[in-house]
Amino acid sequence: MSSSVQRFSGRLRRQRRVRKKVRGTAARPRLSVFRSLRHVYAQLIDDLQGATLAAASTLDPELREKVNGCNIAAAREVGLLIAARARAAGITTVVFDRNGYVYHGCIKAVAEGAREGELVL
């Protein structure tokens, strides 16, 4: 098995293990973070309804000119934007879902940006 397949299947195993325990509700949705090689995505998800309450990414027009690609500065801006959209939707607390990624680098920067935006993780 190639190393990229092992890395991907390992992330999926960690993701499933965490999802058994982490559930989002309307009052306290799940902040799910996805990282690709080019972009960072964040969503607030109500698992009981199966609905996305708010979303932000480096592809948003508000961030497209400010940031370039998937780096820590861009991830921090995504965290600030998702916090602003959560406050606009009346959400103050969330459950953080690192989606099987290591809590380091871009994933950590999204969490710190959300905390700077006054979102309680």
Side-chain angles (χ1 to χ4, degrees):
M1 195 181 306
S2 70
S3 64
S4 63
V5 172
Q6 284 180 326
R7 189 169 44 248
F8 180 73
S9 63
R11 186 181 77 81
L12 287 181
R13 265 197 322 272
R14 287 187 300 274
Q15 181 183 25
R16 288 186 193 118
R17 185 174 60 230
V18 170
R19 288 274 169 83
K20 290 178 191 173
K21 301 169 191 164
V22 175
R23 291 282 172 208
T25 62
R28 193 171 180 207
R30 176 169 53 98
L31 175 58
S32 179
V33 178
F34 178 76
R35 172 182 58 86
S36 71
L37 291 176
R38 291 187 175 197
H39 300 286
V40 178
Y41 307 86
Q43 290 182 328
L44 292 176
I45 303 168
D46 178 6
D47 288 316
L48 300 178
Q49 297 289 324
T52 300
L53 305 175
S57 74
T58 52
L59 290 172
D60 283 337
E62 299 171 27
L63 295 180
R64 204 160 176 96
E65 285 89 31
K66 289 173 71 174
V67 299
N68 186 14
C70 176
N71 55 27
I72 292 176
R76 184 180 163 280
E77 291 296 324
V78 169
L80 288 169
L81 183 60
I82 195 73
R85 291 182 179 174
R87 277 186 280 123
I91 298 167
T92 57
T93 61
V94 296
V95 178
F96 188 70
D97 177 16
R98 60 189 174 89
N99 215 359
Y101 297 108
V102 177
Y103 186 79
H104 182 73
C106 290
I107 304 300
K108 184 178 177 182
V110 170
E112 289 173 350
R115 284 188 190 106
E116 286 178 34
E118 300 175 3
L119 205 59
V120 178
L121 302 183

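From a predicted model like this one, the values you see are computed outputs, not experimental measurements.
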Please tabulate, one pair per line, all N/O donor-acceptor pairs under 3.5 Å involving side-chain atoms of residues 104-115, not counting sequence neighbours.
{"residue": "Arg115", "atom": "NH1", "partner": "Tyr103", "partner atom": "OH", "Å": "3.3"}

If you take all heavy atoms of [X] and [Y], which pair is closest and at what distance?
| X | Y | answer |
| --- | --- | --- |
| Arg14 | Gly100 | NE-O, 2.8 Å |
| Ala42 | Ile82 | O-CD1, 3.8 Å |
| Gly69 | Ala74 | O-CB, 3.3 Å |
| Cys70 | His39 | CB-N, 3.8 Å |

Mind checking whether [X] and [Y] sit in one hydrophobic cluster, side chains of I, L, V, M, F, W, Y counted as touching below 4.5 Å?
| X | Y | result |
| --- | --- | --- |
| Phe96 | Val120 | no |
| Val33 | Val95 | no |
| Phe34 | Leu121 | yes |

Self-check item: Passing candidate, side-chain contact (heavy atoms from CB on, under 4.5 Å) with Arg30, options Thr25, Leu53, Ile45
Solution: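 Between Arg30 and the candidates, side-chain contact (heavy atoms from CB on, under 4.5 Å) is satisfied uniquely by Ile45.
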Hey, what do you get for [atom1] ([X]) to [atom2] ([Y]), rounding to the nearest 0.5 Å?
| X | Y | atom1 | atom2 | answer |
| --- | --- | --- | --- | --- |
| Ser57 | Glu77 | OG | CD | 13.0 Å |
| Asp97 | Leu44 | CG | CG | 11.5 Å |
| Arg35 | Arg98 | CZ | CZ | 12.0 Å |
| Asn99 | Leu31 | CG | CG | 10.5 Å |
| Arg11 | Arg16 | CZ | CZ | 10.0 Å |

Quiz item: side chain to side chain contact (heavy atoms under 4.5 Å, CB included) with Asn68: which residues, sequence neighbours excluded?
Solution: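 Once residues adjacent in sequence are excluded, Asn68 has no partner under the side chain to side chain contact (heavy atoms under 4.5 Å, CB included) criterion.
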Quiz item: Residues two or more places apart in sequence or in another chain: which of them pass side chain to side chain contact (heavy atoms under 4.5 Å, CB included) with Ala84?
Solution: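 Testing Ala84 for side chain to side chain contact (heavy atoms under 4.5 Å, CB included), a comparison that skips the adjacent residues, returns Arg87.
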Quiz item: Are Leu81 and Lys66 close enough, and set up right, to give a side-chain contact (heavy atoms from CB on, under 4.5 Å), and what steps lead you there?
Solution: CA-CA 12 Å; Leu81 183 60; Lys66 289 173 71 174; over 6 Å; no
Self-check item: Verdict with supporting geometry, Val78 and Thr58, side-chain contact (heavy atoms from CB on, under 4.5 Å)
Solution: CA-CA 6 Å; Val78 169; Thr58 52; 3.7 Å; yes
Quiz item: Can you tell me if CD on Glu116 sees more than 12 non-hydrogen neighbours from other groups inside 6.0 Å?
Solution: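 Correct, the count exceeds 12.
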Exercise. For residues Arg64 and Leu59, determine if any side-chain heavy atom of one lies less than 4.5 Å from a side-chain heavy atom of the other.
Key: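 Sidechains of Leu59 and Arg64: in contact.
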